[in-house]
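This one's a predicted model, so the numbers in the text were calculated from it and none came from an experiment. FYI, the numbering just counts along the sequence from 1.
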Amino acid sequence: MNRPDLVAALAADTPIPRDADGPVFAEPWQAQAFALVVALQNKGVFTADEWAQALGAEIAEAVAEGGCRDGSDYYERWCEALEHLLIDKGLTSHAGVDALAASWARAAEATPHGKPIMLENDPERGR
């Protein structure tokens, strides 16, 4: 399947959450992930073509595994594509991503309800 055919097939099988004005976000983190990708692309960290290939690969894998049919996991695929693209470019590693995710989880656990979660709240940070 050539690239335009793949893009059309993915678009047909994967409803991207949007309305007449563009992308819509069910949660704030989805908008932040979207904005992060746009900012990194604008800074030249990766090209639009590299991003399209990375996201397309993640969606194709999810579709092959039975996911991403109703669009509910679209932004999870977005985050997976970003993670893999940054790892492929040597800007981070799986271990680095895992360590940061664990730090965020500890920070969330240590943050009082209603307060912003900040990495500084990770009790293991700086050890």
Side-chain angles (χ1 to χ4, degrees):
M1 180 176 292
N2 68 33
R3 187 151 183 252
D5 291 340
L6 176 61
V7 171
L10 290 173
D13 285 345
T14 308
I16 297 171
R18 66 174 60 243
D19 64 13
D21 296 324
V24 295
F25 310 101
E27 301 287 336
W29 70 266
Q30 296 172 345
Q32 292 168 335
F34 184 93
L36 179 59
V37 167
V38 170
L40 290 170
Q41 188 176 329
N42 287 342
K43 291 212 176 270
V45 174
F46 47 80
T47 66
D49 190 54
E50 288 173 312
W51 173 248
Q53 289 179 29
L55 182 57
E58 289 298 328
I59 291 171
E61 183 178 326
V63 168
E65 294 174 359
C68 217
R69 293 286 180 192
D70 65 357
S72 62
D73 60 352
Y74 178 74
Y75 288 107
E76 283 85 358
R77 303 292 64 80
W78 190 274
C79 291
E80 289 290 324
L82 178 58
E83 178 181 337
H84 291 140
L85 187 55
L86 294 177
I87 290 168
D88 290 347
K89 291 194 156 285
L91 298 171
T92 190
S93 65
H94 287 288
V97 171
D98 291 346
L100 189 56
S103 184
W104 276 110
R106 288 188 302 269
E109 188 67 30
T111 300
H113 181 74
K115 299 291 182 185
I117 300 170
M118 299 169 40
L119 279 177
E120 292 78 22
N121 294 344
D122 175 2
E124 294 185 24
R125 187 175 165 104
R127 285 188 192 181

So, do Glu61 and Glu80 sit near enough that their side-chain heavy atoms are less than 4.5 Å apart? no

Looking only at heavy atoms, what is the nearest atom pair of Thr47 and Glu50, with distance? N-OE1, 2.7 Å

Distance-minimising heavy-atom pair for Val37 and Phe46: O-CZ, 3.8 Å

Any idea which heavy atoms bring Ala48 and Gln41 closest together, and the distance? CB-NE2, 3.0 Å

With a 4.5 Å heavy-atom cut-off, do Val45 and Leu85 have their side chains touching? no

Checking the side chain of Trp78 only, and the main-chain atoms of Ala33 only, is there a donor and an acceptor separated by less than 3.5 Å? yes

Do Trp51 and Ile87 sit in the same hydrophobic cluster, where Ile, Leu, Val, Met, Phe, Trp and Tyr count as joined when their side-chain heavy atoms come under 4.5 Å apart? no

So Glu124 and Ser103, do their side chains get closer than 4.5 Å, heavy atoms only? no

Heavy-atom closest pair (Trp104 atom, Ile117 atom, distance to 0.1 Å) is CZ3-O, 3.5 Å

Verify the cluster assignment for Leu36 and Met118: are they in a single hydrophobic cluster under the rule of side-chain heavy atoms below 4.5 Å apart? no

Should Leu55 and Leu91 be regarded as members of a common hydrophobic cluster, given that ILVMFWY residues are connected when their side-chain heavy atoms come within less than 4.5 Å of each other, either directly or indirectly? yes

Nearest heavy-atom approach of Glu58 to Arg77 is O-CD, 3.7 Å

When rounded to the nearest 0.5 angstrom, what distance separates CD in Glu76 from CD in Gln30? 7.0 Å

Check Ala31 against Phe25 and note the closest heavy-atom contact, atom names and distance. N-CD2, 3.5 Å

In the single-linkage hydrophobic clustering (I, L, V, M, F, W, Y; side-chain heavy atoms under 4.5 Å), do Trp29 and Leu82 co-cluster? yes

dist Cys79:SG -> Tyr74:OH (nearest 0.5 Å) comes out at 11.0 Å

